[in-house]
Asker: 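Handing you a structure now.
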Amino acid sequence: MINSPAPSYLDELNEIQRNAVTTLEGPVMVIAGPGSGKTRVLTYRIAHLIKSGVAPWQILALTFTNKAAREMKDRIEKVVGSSANRVWAGTFHSLFARILRVEAHHIGYPNDFTIYDTDDTKSVVKEIIKSMGLNSKEYSVGAIRSRISSAKSNLITPKMYGYNEELLAQDKMARLPMLHKIYEKYVDKCKQAGAMDFDDLLLQMFKLLHKVPEIRTKYQNQFQYLMVDEFQDTNYLQYETIKLMVNYEGSNQNICIVGDDAQSIYSFRGATIENILQFSRDFPRVQTFKLEQNYRSTPFIIEAANKVIKHNKNQIQKKIWTDRPDGNKIKVIKAITDTDEGRRVADTIIEQKNRYNLSNQEFAILYRTNSQSRIFEEHLRKQNLKYRIYGGLSFYQRKEIKDLIAYFRLVVNAKDNEGFKRIINFPKRGIGKTTVDKLIQIADDNGVSLWTCITSIDFTGRSKKQLTSFVSLMKALRQKVQETNAYEAACFIAKKSGILDLYKNDPSIDSKNRLDNINALLDGIQEFVEDDEIAEGEEFSTDKSLARYLQNISLMTDRDTEDGEEVDVITLMSVHAAKGLEYKSVFVVGLEENLFPSYMSMSDPEKVDEERRLFYVAITRAEEYLTLSFANQRYQYGNSRMNSPSRFVEEIPHENFEAVITLTQKDHLSKPKILGNFKKAIGQGKLSYIDPSNFNPSPSHKIKEGMKVMHLKFGRGLVKKIDERMVASIYFEDLVDNAEKRIMLQYAKLEILED
DNA sequence: CGCAGGCACCACGTG
DNA sequence: GGTGCCTGCG
């Protein structure tokens, strides 16, 4: 190992990339333009650390999306094998949540804390406004939530807020003088419910490290090497937390940040480019690498991107370039209405598929707001083009799913007031609004949770019976959860709560869909329980409890749930969601003033600059073909509005454009020909077929190293190693990617083929 | 207390 | 175009 030649992956890098990868000690800053091989540098750097003898679990790699984290781990695994699983790679939120699951008791939270999602948060704020007798028209939940979030992101506690003249004056101006009081109550309520919102996952992590020296030392010692992706998207709180981990006496400050100020698009949630500029001041020993060569796009696209971003002030000097030969010019579609735009985009996709022999998965339609997706969806469906929409209402946001999960939450954490309110009278059990309001009032007055309230107060009158039976239902559910695994418990809850019956007994289509969704959720839980593979990035754990399951899903978005079957689909998503991705052919649509740039940004030059960076991100997703489109007229909020073309289109030199296509009457009449689907055979991932009924798993204690085995899901494999925790490393011959899996023998379904 | 229908309000992006 | 809140009636 030690005498082996220089690792071959280093040959895949250009000189600057290689230097960034091999500079392991001390602070490192990588400024990476779009398409410059940033992910490659990040992953190879981690691989290089491991090859240089650093233990995988000593590496902390923070990203902003689950997708980015997963991709990173997949790629590290290709270089260093399955030990990549032990790298702490994930989003800030998910990794901090994981640590807090172990340490939260140090700062006064239960380790089984609930994570409040945006809806829960809104509901808490709403309740506070009501209880304070404030006018809900003046105190809008959205505005308050964002002020609270921003206070947390800037490490301003409710107490500090109350003393901060500037903030108080701002609130007065905004006619929200009681905001600091609401903030204070909000924090109390969450704490009391044993709940953390998304900001708390960061804030409480900071507090944990800040206030508990032995915990701080523990993690400072563990994480010898830190990497932060998309550093331009970090907020003050995140940066302070990172510094807390890296800065201590005797620290080597092994931190590597990767970012691009031109792609900073999250200032709305407190991200600040200032962090990149500040980094060099905070870490004067920093070594900086600038990746400017673009490997993704053709020259016309790159030139357009450079020209557009030049309109922004305040940026780190850099210019991306490519040595790729000339490609296609940028196509512009001028449509009359939003409907025309949808139709023309669908037509153009068909045309490109035929002319360039492209498959669906090589296309993406990117828009500024999720609400624009519907029109494209309709037209793609009309043309029989397969697509998938990301964002919007996710599986976990559906009512029936949220209801069932609310039961899970309340069973696991009795203090979870938001879960409580959701299900106290669902399905209907005769506990009406009056009773619930009374409960909330009493709980609030006494500073206890609703559950404590309901169990410790002797109720009188009509509701008494119903409340008593609800309490005994919950106790029965809790009992079951203690005794059994997540799947059995979940089925029990779905049944005993009456949710299953409710939808089963209603013949409507709507109920059938909801029932299907609930069954899909239960299937997912069964999978979680039966899964014998150690999930990527997860610590070794045989915990199959409902509590554990909840932890797994509370930070998931629908982008993380694999649809499985359909791979060859056109992608529809917001530009924000597209960051970090690339497609052969990209359509950036709705390029009109007031839409992109958004009407909310128009009054503030800095906000328009952010919109421009967003546009920069959008067009640099394209590898070969870029199409920009806009409509003269568009339906917004139910009425038709006229908008002029986006200034961003004008900022691209017109010689980069194909002749502009205008919609004519003739175009309306002509129907494009639909040719057959150019579906490319996807040879990967084909597994040998196993008939489950003929499959006889062998007892797990008989599995030994060196055996050839059959796995129901992965096919034939060779047991390479079994460690002391009874985790087997098995190489599956049918798998193309990540063929070596770590399997928990305790749960394994393996049949011995040869000793 | 439950239900149906009307209506206001909201759609910018993510974990 | 969807959702969730309010109101009035049974």
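Proteins get letters first, then strands, A, B, ... in listed order; numbering begins at 1 in each.
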Asker: Could you tell me the separation between the CD atom of A:Gln372 and the C1' atom of C:dG1, rounded to a whole number of Å?
Answerer: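 In whole Å, C:dG1 C1' lies 14 Å from A:Gln372 CD.
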Asker: What's the closest nucleotide to the A:Thr435 side chain, out of B:dC1, B:dT14, C:dG1?
Answerer: B:dC1
Asker: Check this one for me: any side-chain N or O of A:Asn370 less than 4.0 Å away from OP1 or OP2 of B:dC12?
Answerer: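 So the side chain of A:Asn370 is outside the cut-off, no N or O lying under 4.0 Å from OP1 or OP2 of B:dC12.
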Asker: Please state how far atom CE in A:Met573 lies from atom P in B:dT14, giving the value in whole angstrom units.
Answerer: 10 Å
Asker: Would you say A:Asn425 places a side-chain N or O within less than 4.0 Å of OP1 or OP2 belonging to B:dC1?
Answerer: no
Asker: Considering only side-chain heavy atoms of A:Arg368, which listed nucleotide, B:dG13, C:dG1, B:dC12, is closest?
Answerer: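 My answer, after comparing the listed nucleotides, is B:dC12.
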Asker: Which nucleotide in the set B:dG13, B:dG15, B:dG2 lies at the smallest distance from any side-chain heavy atom of A:His93?
Answerer: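 Looking only at heavy atoms from C-beta outward on A:His93, the closest nucleotide is B:dG15.
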Asker: Quick one: label A:Asn235 by what it contacts on the DNA or RNA (base, sugar-phosphate, nothing), any heavy atom closer than 4.0 Å.
Answerer: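 If one applies the 4.0 Å heavy-atom cut-off, A:Asn235 turns out to touch nothing in the nucleic acid.
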Asker: Just to be sure I understand the rule, does A:Ser598 reach a base, reach only the sugar-phosphate, or reach nothing, if contact means heavy atoms closer than 4.0 Å?
Answerer: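 Nothing, no heavy atom under 4.0 Å.
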Asker: Taking the nucleotide of DNA chain B with the nearest heavy atom to each, does A:Ser574 or A:Lys122 sit closer to the 5' end?
Answerer: A:Lys122
Asker: Grab the CZ-P distance between A:Arg374 and B:dA11 for me, whole Å please.
Answerer: 18 Å
Asker: Rounded to whole angstrom units, what separation is found between the OH atom of A:Tyr599 and the P atom of B:dA11?
Answerer: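 Roughly 8 Å, once rounded to whole Å.
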Asker: Here's a test of your reading of the structure: between A:Ile431 and A:Ser140, which maps to the more 5' nucleotide of DNA chain B?
Answerer: A:Ile431
Asker: Is the base of B:dG15 stacked against the aromatic ring of A:Phe64, taking ring centres under 5.5 Å apart and planes under 30° as the test?
Answerer: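 No; centroid distance or tilt outside limits.
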Asker: Quickly work out the A:Tyr266 OH to B:dG13 C1' distance and round it to whole Å.
Answerer: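 After rounding, the gap between these two atoms is 6 Å.
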Asker: Flag the pair A:Lys421 and A:Glu418 as a salt bridge only when some basic side-chain nitrogen lies within less than 4.0 angstrom of an acidic carboxylate oxygen.
Answerer: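 Looking at A:Lys421 and A:Glu418, the cut-off is met.
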Asker: Would you say the side-chain atoms of A:Asn154 pair up with the backbone N or O of A:Ser150, donor to acceptor, closer than 3.5 Å?
Answerer: yes
Asker: Cation-pi check, A:Arg612 to A:Tyr616: give yes when NZ or CZ is under 6.0 Å from the six-membered ring centre and within 45° of the ring axis, no otherwise.
Answerer: no
Asker: To the nearest Å, how far apart are A:Gln238 CD and B:dG15 P?
Answerer: 12 Å
Asker: Ignoring hydrogens, what is the shortest heavy-atom contact between A:Ile309 and A:Arg613? Give both atom names and the distance.
Answerer: CD1-CG, 4.0 Å
Asker: Kindly give the atom pairs (protein nitrogen or oxygen, nucleotide nitrogen or oxygen) under 3.5 Å for nucleotides 4-10 of chain C.
Answerer:
none

Asker: Base, sugar-phosphate alone, or nothing: which one does A:Asp233 contact when heavy atoms must sit under 4.0 Å apart?
Answerer: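 Result for A:Asp233 = nothing.
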Asker: Tell me the interatomic distance from A:Leu62, atom CG, to B:dG15, atom C1', rounded to whole angstroms.
Answerer: 13 Å
Asker: Answer with base, sugar-phosphate or nothing: what part of the nucleic acid does A:Thr118 contact at a heavy-atom distance below 4.0 Å?
Answerer: base
Asker: Please determine if A:Glu611 and A:Lys607 form a salt bridge, counting it only when a charged side-chain N lies under 4.0 Å from a carboxylate O.
Answerer: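 The answer is no: the pair does not qualify as a salt bridge.
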Asker: Separation of A:Met600 atom CE from B:dC10 atom P, in whole Å?
Answerer: 11 Å
Asker: Mind checking what makes ring-ring contact (aromatic ring centres under 6.0 Å, His included) contact with A:Phe470, not counting sequence neighbours?
Answerer: A:Phe420
Asker: Report yes or no: is the cationic atom of A:Lys399 (NZ for Lys, CZ for Arg) under 6.0 Å from the centre of the six-membered ring of A:Phe426, at an angle within 45° of the ring normal?
Answerer: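 Yes, a cation-pi geometry holds between A:Lys399 and A:Phe426.
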Asker: Among residues at least two apart in sequence or on other chains, which ones pass side-chain contact (heavy atoms from CB on, under 4.5 Å) with A:Met600?
Answerer: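 Only A:Ser598 meet the side-chain contact (heavy atoms from CB on, under 4.5 Å) criterion with A:Met600.
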